[in-house]
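Any value given below was found using the heavy atoms of this structure, including those in side chains, with hydrogens, waters and symmetry copies removed.
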Amino acid sequence: MLIGLLTAVAASICYGTGSVLQAVGSRRAARMSPAAAGVTAHGGPNLASTAKAAMTWEFIVGTILDFVGFGLGALAARLLPLFLSQTVISANLVITAVLSVKMLGIRLTRKEWASIGVVCTALVLLATAAGHEGGHHAPMSTHWWLLGITALLMVGGTVAVRLLGGGAAILAGLLSGLGFGALGVGVRILDGVDPFDLGTLLTDPALYAILLAGFGGMYLHTVALQIGSVNGATAALVVGETVLPGAIGVLWLGDASRPGLAWLAVVGFVMAVTGAVAVAWYGKHEGAEEEAPAPVPEPVG
């Protein structure tokens, strides 16, 4: 349990730091482009602007941290109940919020700090209540369902975000979170890992669900960072990343709390999601005033 918790915490630090660095790179790339360039007809970023953001050194370092976080998170998903591992990893929201104060010049309100405090308290409750993780095996039909649903979310979500344009930041963050949540479930049920069997691994649909969810989730998170609040986008990601895999772990994979502490696990889980939603709500308009264009003085005479 302790090794799993430390692994999840390390993954959270990597993800949180990576998100802020990616936001810095995305915003620097946007400042270097003409105002009308790199956007679709609906006001959202096109593929070219997203690719440009991905070429900045900040974004590259952030992406490397994401990959490290992915490896650590995958290990945590095998060692802990999903409702605990995914929620601890989602605490990268706290890292993101604190670092954004220094690196992005964002001022957090008292309500945002209070919401972050709720998330931290919820993580303590979850860690206290968590019991053993369930099994690592699921029927092959579940593996195929996971691949199909992941494809629908990532492909359909990408189209929806492009159509909605500049107002789709929270949706993009939520969809990226669902992708990372599907990734966690896929890692948990992946065949051919223990014992290692390359043939079984390569023929498991869950492997391709993991790849699609990872790349799709990363793309949608990049879009969310380009068009909206870094804290709001990350908080929406937290909701998608925790609710779905947590429920699947409890309902179908046998994850459980300690005897007599199921109520504490439920309270902690609800508090974590509620705190994340609150950060998304209070932080979604951050920096709007700072980015407003200054009025142009009228000529005299």
Side-chain angles (χ1 to χ4, degrees), residues 7-33 38 44-76 86 88-106 108 116 154 158 161 168-170 172-181 183-184 210-241 276 279-280 283-284 286-287:
T7 303
V9 169
S12 177
I13 293 172
C14 288
Y15 278 136
T17 307
S19 291
V20 176
L21 287 173
Q22 288 168 340
V24 171
S26 296
R27 296 184 181 192
R28 185 161 70 86
R31 288 195 300 268
M32 294 169 61
S33 301
N46 59 24
L47 291 175
S49 66
T50 302
K52 191 176 207 177
M55 293 304 294
T56 60
W57 73 264
E58 297 97 338
F59 198 97
I60 291 172
V61 174
T63 301
I64 292 172
L65 286 173
D66 278 345
F67 279 110
V68 174
F70 164 73
L72 294 170
L75 179 59
Q86 294 302 113
V88 172
I89 291 171
S90 71
N92 66 73
L93 169 67
V94 177
I95 307 297
T96 299
V98 173
L99 288 180
S100 66
V101 173
K102 180 69 174 177
M103 299 181 69
L104 295 175
I106 293 171
L108 301 181
I116 290 171
M154 296 298 97
T158 299
V161 167
I170 299 300
L174 178 62
L175 288 170
S176 67
L178 290 173
F180 293 138
L183 188 153
I210 290 170
L211 295 174
L212 181 59
F215 286 109
M218 189 174 297
Y219 168 74
L220 288 168
H221 188 44
T222 302
V223 171
L225 292 175
Q226 285 182 280
I227 62 180
S229 150
V230 59
N231 290 326
T234 304
L237 182 150
V238 166
V239 176
E241 190 178 26
V279 174
K284 65 181 180 178
E286 73 195 16

Note to self: When you measure from the side chain of Ser12 to the backbone of Ala8, do you find a donor-acceptor pair of N or O atoms at a distance under 3.5 Å?
What the structure shows: no
Next item on the list: Supply the atom-to-atom distance Leu72 CG to Leu65 CG, rounded to the nearest 0.5 angstrom.
Entry: 10.5 Å
Checklist line | Rounded distance [0.5 Å steps], CG in Leu178 versus CD in Glu241 | finding: 10.0 Å
Next item on the list: Check the pair Leu21 / Phe59 against side-chain contact (heavy atoms from CB on, under 4.5 Å), numbers first and verdict last.
Entry: CA-CA 6 Å; Leu21 287 173; Phe59 198 97; over 6 Å; no
Checklist line | Gly179 versus Ala213, closest heavy-atom pair with distance | finding: O-CB, 3.1 Å
Checklist line | Approximate separation, where rounding is to 0.5 Å, of Leu220 CG and Leu174 CG | finding: 10.0 Å
Notebook entry, point to check: Which atom names give the shortest non-hydrogen contact between Met154 and Leu175, and what distance separates them?
Noted result: CE-O, 3.3 Å
Note to self: For Phe180 versus Met218, what's the shortest heavy-atom pair and its separation?
What the structure shows: CZ-N, 3.7 Å
Notebook entry, point to check: Below 4.5 Å, heavy atoms only, C-beta onward: do Asp66 and Tyr15 meet side chain to side chain?
Noted result: yes
Item checked: Step-by-step side-chain contact (heavy atoms from CB on, under 4.5 Å) determination, Ile210 to Phe70 -> CA-CA 11 Å; Ile210 290 170; Phe70 164 73; 4.1 Å; yes
Margin query: Is it the case that the side chain of Tyr219 and the backbone of Ser176 share a donor-acceptor pair, with hydrogens and angles ignored and the cut-off at 3.5 Å?
Written below: no
Check: Roughly how far, to the nearest 0.5 Å, is CD of Gln22 from OG1 of Thr56?
Finding: 9.0 Å
